[in-house]
Amino acid sequence: MLAQPFFPFIPQLHIPDGFLSLAVAAIFWLLSLVFVAVGVHKVQKTFNERLIPLMGIMAAFIFAAQMLNFPVAGGTSGHLLGGALAAIVLGPWAGILVMTSVIAVQALLFQDGGLLVMGANIFNMGILTALVGYGLYRPFAASRRTVQMAAIGVAAWFSVMAAALLTSLQLWLSGTSTLNVVLPAMMGVHALIGLGEALITVAAVSFIRQARPDLMGAKQVREQGGWGWVAAGAAVTLLALLLTPFASADPDGLERVAINLGFMHAGQDAPYQLLPDYTIPFLGESPISGILAGLVGAAVVAALVVLMVHLLRRSSTLTNRRA
Amino acid sequence: MPIVHPEAAQVSAGAEATSDNALDPILQIERLTFAYPDGRVALRDVSLTLHRGEKTALVGPNGAGKSTLMLHLNGILNAANGAVKVAGLPTSKENLPRIRGIIGLVFQNPDDQLFSPTVFEDVAFGPLHMGLPEDEVRSRVVEALSQVDMLEYQHRLSHHLSVGEKKRIAIATVLSMRPQILALDEPTAGLDPRARRRLIELLRERSETMLVSTHDLLMVRELFPRMIIMDEGRVVADGPTEELLADEPLLQAHGLELPRC
Amino acid sequence: MHIDAFDQYQESDSLVHRLDPRVKVVVTALFILSNALLPDGAWAGFLIAFGLIALVAILARLELWRVVKRSFIALPFALAAVTIAFAAPGPPLFSFALGPWEFTVTVPGATRFLSILLRSLLSVQMAILLTMTTPFPDLIHAFRHLRLPHSLVAIIAFMYRYLFVLSDEALRLLRARAARTARLDDRAVGGSVLWRARVTGNMAGQLFVRSFERSDRVYNAMLARGYQGHLYTLSPHEMSGFDWAALGFFALALLALQIFARIG
């Protein structure tokens with residue numbers, strides 16, 4: 001973000017609160033929670049007590065590595081997002097947990113990215129980058145060095161492009177941006193940013209391979225993730241490749257597809273509205289309708305309060321020590 | 001007489017240095033040989049015995065194997081050959097929880113030793129993982145921090161501390177486990193003179209058995225009656241500190257130098 | 001520059017500081033959710049929400065303008081929402097020409113854009129208040145008690161501890177590079193872009209290897225103090241009557257806000 005006092009180099013993918021609709025934020029929270037839950041499960045299943053401090057320090061590493069930058073031209077600089085690097089070096093599941101921690105801490109400590117939209121940020125910058133970054137690298141993990149490095153570069157570039165694409169789509173589906181502007185802008189900027197990502201990732205991996213070849217052996221790669229990741233990574237990349245030119249050339253076309261698929265209400269209804277026009281449709285634009293809609297909104301808040309109180313009560317009766 | 005040929009003289013060395021309490025060995029290391037997975041041999045046939053209450057310095061150039069030896073004391077590293085016994089217990093897997101309560105190992109870099117967000121959590125880590133009840137943990141934290149004169153720091157964040165403060169709190173993180181042996185790796189490294197002086201006074205007051213790895217020969221002369229010199233993975237000398245420090249050819253041969261003052 | 005400058009926590013003994021961190025986390029989340037539920041153009045609702053921000057800031061003895069100023073960090077992202085001001089169909093508000101192009105801001109477009117902006121600013125302000133009044137280790141405890149997965153919370157705790165250590169290392173690497181570079185501005189110095197990218201990548205690789213080795217030493221230090229694969233923590237917080245009252249007050253305030261914003 002441009003005006004950040006301390007982190008002028010971080011890519012513009014950290015969405016702040018307010019820019020995504022509740023529906024989009026909720027869907028991506030759900031998706032991210034599934035991946036994070038599986039990741040937590042996988043990590044616990046390994047019974048490797050080393051992993052927790054390792055992943056914590058690796059999250060701090062990604063955070064610190066995002067500060068490293070190099071001048072490109074005209075005041076812009078290349079820097080690292082790190083999602084692909086984390087997934088390639090640590091494996092996709094560990095990479096997802098590491099990036100989740102990075103994004104959570106950046107939001108909580110520095111307001112870099114929002115809380116309600118954190119699910120989307122985790123998905124874009126942690127999960128998608130692991131899918132694409134690791135998925136495209138995995139088939140070449142045992143290849144010749146040059147092939148492998150080329151694969152890593154391509155994977156890192158695509159990981160940033162996929163994140164930029166999904167961010168644009170989320171903004172558009174939230175009724176925050178118009179697709180014909182946000183998509184070319186985001187993709188254009190990130191085509192460059194992705195280049196920086198690719199170059200740094202390749203150089204970093206090749207340094208690690210020289211200094212600590214034991215960390216990147218074939219055995220580690222086999223243990224970290226299988227061919228499911230390759231399929232998923234290839235599918236996401238293919239989808240992005242097909243979607244981007246179509247959407248750029250014919251944003252209205254994509255909008256029609258979205259409407260047909262039920263993502264957006266036809267006509268003028270903006271997709272960001274949880275309650276259409278903030279009134280209850282069959283009551284029309286009457287004050288009663290407004291009050292009822294208000295009550296529905298209030299009910300959502302109330303339900304969450306009850307849930308939270310429940311959690312607080314449960315946790316205060318817990319024993320004082322927990323594993 | 002300093003013993004310069006270790007293989008022949010190990011057994012007598014321990015006895016000679018601590019003849020008054022020779023019946024109570026608390027740490028016994030016998031013929032320890034260890035190589036890292038990359039093939040680098042770090043320890044070669046190391047033997048030594050520490051008796052209860054004995055204060056011993058471990059000196060030698062970088063890479064001599066001092067830190068590797070420290071990691072063997074509580075079974076973090078396990079040598080293929082040789083044996084380590086702590087208070088009579090061999091460092092086998094089932095003994096490790098007890099042994100780790102007996103030996104308080106403080107690492108060289110306090111940023112590695114202090115791994116929790118706050119000072120309180122770090123000092124509580126040891127007692128908590130020994131399975132002590134909450135009240136006991138809290139009182140031990142207060143006790144340990146008072147002993148290093150850092151009680152008012154308990155709610156501070158570890159990354160806000162100076163090196164000297166970190167080093168003292170690092171010692172508190174093992175004092176809270178009430179160990180019988182303190183094994184400290186380079187406790188005065190990187191400290192300014194005042195912080196170093198405070199740390200020396202702190203160590204002087206402790207009654208635990210001590211094995212302290214250091215380059216600070218002035219501190220060795222001040223605090224440790226016995227000194228062990230290691231070089232290239234071997235114990236090359238083991239004896240009374242004053243005698244070894246007076247043997248300039250010996251010191252020179254192993255890259256050591258006592259500052260003049 | 002030392003990395004500590006990043007820490008926004010403001011030491012104080014105010015009511016807000018003393019509140020249980022779980023309450024603060026829950027209230028912040030509810031507040032941000034409530035903003036998301038406010039309809040576009042619910043100006044009165046946004047104003048009341050800002051009133052809550054002001055109330056918390058005053059109770060926390062923080063200067064409101066500093067909170068507001070800091071919340072502007074989210075403003076650049078508003079660029080992404082500007083187009084909606086022109087795109088939403090409806091009666092025109094005003095038009096202006098920029099070279100050969102004519103732009104028309106519509107009333108619903110302007111309403112939508114301003115609403116997004118206000119939602120964002122208010123949400124960021126509450127998050128800032130949370131950070132300024134709660135030490136991060138307390139937040140970590142709150143997550144643990146709100147039943148987030150323990151391994152994830154433990155990872156975050158380690159990350160927080162080493163964030164500063166590793167960021168200092170990264171800054172040292174950058175300084176060392178700057179010291180060896182003749183000119184420090186952005187012009188092409190020290191070889192091609194590719195070469196500079198490789199130097200930066202090597203720095204990242206170096207930082208990675210050091211971090212990895214550090215994690216080994218940290219693990220050893222944990223083992224030495226009895227770690228056997230399970231992390232235990234003490235619970236320093238108990239919900240008091242005041243904590244419950246504060247939670248109740250905020251929940252009611254937000255409920256009222258939701259209703260008022262739709263009829264007002």
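A note on names: the letters A, B, ... follow the listed sequences, proteins ahead of strands, and every chain is numbered from 1. All of these numbers come straight from a predicted model, not from anything done at the bench. Only this structure's heavy atoms are used, side chains among them; waters, hydrogens and symmetry mates stay out.
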- Looking at Gly104(B), Gly126(B), Pro117(B), which makes the most heavy-atom pairs under 4.5 Å with chain C? Pro117(B)
- Task: Would you mind checking which part of Asn74(B) comes under 4.5 Å of any heavy atom in chain C, side chain (CB onward), backbone (N, CA, C, O), both or neither?
- Result: side chain
- Tell me, side chain or backbone of Met177(B) under 4.5 Å from chain C's heavy atoms, or both, or neither? side chain
- Item | Toward chain B, the part of Phe136(C) with a non-hydrogen atom under 4.5 Å | neither
- Message: Between Phe107(B) and chain C, with a heavy-atom cut-off of 4.5 Å, which part of the residue counts as in contact: side chain, backbone, both or neither?
- Response: side chain
- Residue Asp185(B) versus chain C: region with a heavy atom under 4.5 Å: neither
- Heavy-atom check, side chain of Glu30(B) versus side chain of Lys85(B), under 4.5 Å: no
- Can a salt bridge be assigned to the pair Arg138(B) and Glu134(B) using a cut-off of 4.0 Å between side-chain N and carboxylate O? yes
- Given a strict heavy-atom distance threshold of 4.5 Å, which part of Gln113(B) is in contact with chain C: side chain, backbone, both, or neither? both
- Query: Where does the angle between the aromatic ring planes of Phe115(B) and Phe158(C) fall among parallel (under 30°), tilted (30 to 60°) and perpendicular (over 60°)?
  - Reply: tilted
- Relative to chain C, which segment of Ile99(B) carries a heavy atom at a distance below 4.5 Å: side chain, backbone, both, or neither? neither
- Message: Could you check whether Arg22(C) pairs with Asp20(C) (Lys NZ or Arg NE/NH1/NH2 to Asp/Glu carboxylate O, under 4.0 Å)?
- Response: yes
- Under a 4.5 Å cut-off applied to non-hydrogen side-chain atoms, are Pro25(B) and Gln28(B) in contact? yes
- Task: Please determine if Arg196(B) and Asp216(B) form a salt bridge, counting it only when a charged side-chain N lies under 4.0 Å from a carboxylate O.
- Result: yes
